[in-house]
Amino acid sequence: MIDVRLLRNEPHVVKAALARRGKPELLVQLDTAISLDEQVRDITARRDTIRARVNELSKLVGTARRTGDNDEAEKLQAESRSLGDDEKSLAESFETAQGQLRDVMLRLPNLPHPDAPDGASDHDNPLVIGPNLMPASFTEHQRMPHWEIADELGILDNERAVKLSGAMFTMQRGAGAMLSRALCQYALDMNADAFEEIRPPSLVTTATLTATGQLPKFAEDAYAIERDDLWCIPTAEAPLTSMYAGEVLDEAQLPLRLMAYSSCYRREAGSAGRDTRGMLRAHEFDKVEIFALSTPETADELLIELRDRAERLIAGLGLPYRIIEICTGDMGQSHHRSFDIEVYAPGCDNWLEVSSVSWFSDYQGRRADIRYRKVGEKGTHIANTLNGSALAVPRVWAAIMENFRQADGSVIIPEVLRPYMRGMDRISPQG
RNA sequence: GGAACGGUGGCAGAGCGGACAAAUGCAUCCGCCUUGAAAGCGGAAGGCUCACAAGGCCCGGGGGUUCGAAUCCCUCCCGUUCCGCCA
């Protein structure tokens with residue numbers, strides 16, 4: 001959530017920042033929020049005046065009763081009773097206005113960072129690093145899509161996955177399954193120097209998914225388990241971010257770095273029918289997420305640290321990649337500043353988004369109510385959150401197939417993964 | 001899922017219709033004492049809203065009763081123990 005006080009005190013600043021996202025309807029919502037906030041404050045002031053009087057009267061009633069002045073007590077009670085009715089109706093209008101304000105605020109996106117590049121769509125995302133590790137040319141045997149390669153190798157069985165779970169589910173087997181697990185283990189080990197490993201729950205409450213921004217606006221994209229009022233996590237970002245929800249940390253604890261392997265569940269409501277073959281888009285996939293809680297002062301360098309860590313993983317695998325920065329028109333709702341790492345897949349002839357690293361300023365911290373206290377200072381501050389996919393398995397898996405396919409049809413396994421592959425150095429066609 | 005008992009400040013724990021933002025202990029901070037520390041003595045100190053003050057709100061969440069609720073009632077959630085079920 002945007003800070004209501006900022007909205008109140010410097011609406012032009014918020015307007016200008018939000019305008020950069022290029023969606024005029026947001027400015028309309030902003031005006032709605034401003035006028036709702038005025039309403040709420042007006043009602044609050046009136047309601048609190050009445051409450052103050054009721055509190056005062058109640059004390060006087062107590063005194064009167066104790067001294068035996070029952071007539072006086074009756075009189076005061078009558079006055080308090082009638083004020084009570086006014087209070088009740090004001091309290092109702094307060095709830096209504098407050099609820100409306102909250103709903104609008106929860107749906108308003110974050111303000112972009114001043115340095116985030118302007119742009120209207122993904123076509124305007126500037127290249128910031130690379131392309132790196134790009135070979136001079138690709139050979140004919142690399143020009144096969146990974147689903148065909150995997151089929152030859154017998155390591156992907158999506159037909160049976162569909163039998164079990166329906167369209168857009170995948171199933172790896174044999175060396176393919178092992179490769180998925182190896183990628184996760186590799187990503188965790190490479191970040192274990194600074195990140196505490198967490199194994200979070202995969203099902204979370206509505207409050208948890210609201211804190212990160214998936215709810216209420218993007219409910220269609222998440223799997224809901226209505227009977228138990230739980231949601232399947234679309235990313236480990238959700239449980240990691242809310243781990244410290246409602247808590248007040250000491251500044252000395254920051255930055256706090258966490259990482260988690262988890263399965264991720266996405267309905268892909270807006271992308272049904274796209275990328276239905278292979279591993280490019282699935283309802284369930286594995287990912288290792290890295291996460292940090294920080295003060296605003298250290299957040300910008302942490303963003304680069306997370307991005308460097310994600311880059312190191314991809315470079316370590318020897319895959320051709322580039323890094324782009326997300327422009328204001330293409331940014332996710334909670335994002336303040338964001339980078340994507342893309343890997344080139346010669347078989348699909350496409351750049352695949354394999355990692356997204358973002359800074360959320362205090363947008364999620366405020367929703368989750370994560371605060372910290374500075375030493376010797378009264379009061380609290382809202383923490384900043386940052387996260388990134390260290391490694392999203394399926395697309396990296398696909399890129400390995402396509403980049404490292406040999407003339408004989410086998411696929412070389414990157415060296416860094418071999419310890420996790422029981423020493424296997426290549427996957428060869430069966431029979 | 002059933003039963004019993006619980007949920008109060010950083011922690012422990014009292015209060016069980018009115019003077020309660022809430023005793024007391026521990027921890028914290030500041031003085032005094034001391035060469036320094038400990039002990040001892042004296043004092044300070046919750047969060048949110050709010051430009052500030054005033055005021056309001058916060059005793060697990062929500063609702064109700066009442067002039068007035070931490071305290072009574074309803075409901076939900078969570079915890080502990082026992083039973084049931086079960087990787």
Taking only side-chain nitrogens and oxygens of [X], does any of them come within less than 4.0 Å of OP1 or OP2 of [N]?
X: R51(A); N: G56(B); result: no
X: N55(A); N: G68(B); result: no
X: T49(A); N: G56(B); result: no
X: R5(A); N: U49(B); result: yes

Nearest nucleotide by nearest heavy atom, which residue falls closer to the 5' end of RNA chain B, E95(A) or T44(A)?
T44(A)

Closest nucleotide of RNA chain B for K88(A) versus for L57(A): which of these residues is on the 5' side?
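Checking each residue's closest nucleotide, the 5'-ward one belongs to K88(A).
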
Under a 3.5 Å limit for both distances, which nucleotide forms a Watson-Crick or G-U wobble pair with [N], could you say?
N: C52(B); value: none
N: A21(B); value: none
N: A3(B); value: U81(B)

Expressed as a whole number of Å, how far does the [atom1] atom of [N] sit from that of [M]?
N: C26(B); M: G13(B); atom1: C1'; answer: 11 Å
N: U8(B); M: A3(B); atom1: P; answer: 24 Å
N: G15(B); M: C72(B); atom1: C1'; answer: 15 Å
N: A53(B); M: G60(B); atom1: P; answer: 28 Å
N: G17(B); M: A12(B); atom1: P; answer: 25 Å
N: G62(B); M: G55(B); atom1: C1'; answer: 25 Å
N: A70(B); M: A87(B); atom1: P; answer: 47 Å
N: G10(B); M: C59(B); atom1: C1'; answer: 16 Å

Using whole Å, what does the distance between atom [atom2] of nucleotide [N] and atom [atom1] of [X] come to?
X: K59(A); N: A19(B); atom1: NZ; atom2: P; value: 8 Å
X: E56(A); N: G56(B); atom1: CD; atom2: P; value: 9 Å
X: R47(A); N: A54(B); atom1: CZ; atom2: P; value: 18 Å
X: R373(A); N: A45(B); atom1: CZ; atom2: P; value: 15 Å
X: I50(A); N: G68(B); atom1: CD1; atom2: P; value: 13 Å
X: R46(A); N: G56(B); atom1: CZ; atom2: P; value: 18 Å
X: H381(A); N: C48(B); atom1: NE2; atom2: P; value: 10 Å
X: R227(A); N: G1(B); atom1: CZ; atom2: P; value: 10 Å

Does a donor on one side chain sit under 3.5 Å from an acceptor on the other, for [X] and [Y]?
X: W359(A); Y: D300(A); answer: no
X: S389(A); Y: E289(A); answer: no
X: N70(A); Y: E74(A); answer: no

Base, sugar-phosphate alone, or nothing: which one does S80(A) contact when heavy atoms must sit under 4.0 Å apart?
sugar-phosphate

Pick base, sugar-phosphate or nothing for R371(A), based on heavy-atom distances below 4.0 Å to the nucleic acid.
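Sugar-phosphate contact only.
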
By the definition side chain to side chain donor-acceptor pair (under 3.5 Å), identify the one residue from R266(A), H283(A), R267(A) that meets it with Y223(A).
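Per the side chain to side chain donor-acceptor pair (under 3.5 Å) rule, the option paired with Y223(A) is H283(A), out of R266(A), H283(A), R267(A).
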
Any N or O donor-acceptor pair linking the side chain of D48(A) to the base of G56(B) at under 3.5 Å?
no

Considering the options H335(A), H336(A), H113(A), which one meets the ring-ring contact (aromatic ring centres under 6.0 Å, His included) requirement together with F360(A)?
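That would be H335(A); it is the only one of H335(A), H336(A), H113(A) passing the ring-ring contact (aromatic ring centres under 6.0 Å, His included) with F360(A).
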
Has R337(A) got a side-chain atom pairing as donor or acceptor with L303(A)'s backbone, closer than 3.5 angstrom?
no

Would you confirm whether R281(A), through its side chain, and D275(A), through its main-chain N or O, come within 3.5 Å as a donor-acceptor pair?
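Not a single qualifying donor-acceptor pair exists.
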
